[in-house]
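What follows is a single structure, written as structure tokens, with notes after it.
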Amino acid sequence: MCRNIKTLFNFDPPATEEEIHDAALQFVRKVSGSTRPSKRNEEAFERAVDAIAASVRELLDTLETSQHPRNREEEAAKARAKAAIRFA
């Protein structure tokens, strides 16, 4: 899995369309093996990003949980602390 794709489910506030698009873009980049498609493949690349983003939005909208929503700032602080230990 791409390290840059973050968990988007069960956050308050919910994931934005930009976050979903960025995750879809990272996935398509990983699967296709290129960060920037050629002109010939640009349309297919963008269609794939849009299709995956739509699927992710549908998934996030239909998932259910009994857990309380996570706080973005708290999760970011935990990630920074973990990275500080890992890369210290």
Can any side-chain N or O of Asn10 pair as donor or acceptor with the backbone N or O of His68 at less than 3.5 Å?
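Checked: pair present.
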Phe27 vs Val49, side chain to side chain contact (heavy atoms under 4.5 Å, CB included): CA-CA, chis, key distance, verdict:
CA-CA 8 Å; Phe27 180 77; Val49 170; over 6 Å; no
Tell me, please, which residues at least two apart from [X] pass side chain to side chain contact (heavy atoms under 4.5 Å, CB included).
| X | value |
| --- | --- |
| Arg72 | Phe11, Pro13, Ala15, Glu19 |
| Asn41 | Pro37, Ser38 |
| Ser32 | Ser34, Phe45 |

Euclidean distance, [Y] [atom2] relative to [X] [atom1], rounded to 0.5 Å:
| X | Y | atom1 | atom2 | answer |
| --- | --- | --- | --- | --- |
| Gln26 | Thr35 | CD | OG1 | 9.5 Å |
| Lys6 | Asp22 | NZ | CG | 11.5 Å |
| Leu59 | Ile52 | CG | CD1 | 12.5 Å |

When you compare the side chain of Arg70 with that of Thr7, does any pair of heavy atoms fall below 4.5 Å?
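Of all side-chain heavy-atom pairs linking Arg70 with Thr7, at least one is under 4.5 Å.
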Quick one: does Leu60's side chain get under 4.5 Å of Leu8's, heavy atoms only?
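With C-beta onward as the side chain, the pair touches.
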For [X], which residues count as a salt bridge (charged side-chain N to carboxylate O under 4.0 Å, His left out) partner, sequence neighbours excluded?
| X | result |
| --- | --- |
| Lys39 | Glu42 |
| Glu17 | Arg57 |
| Glu43 | Arg47 |

Nearest heavy-atom pair of Ala53 and Ala24: which atoms, and what distance?
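Scanning both residues completely, I find the closest heavy atoms to be N-CB, 3.7 Å.
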Using every non-hydrogen atom in the two residues, find where Asp12 and Pro69 come nearest and quote the distance to one decimal.
CB-CB, 3.7 Å
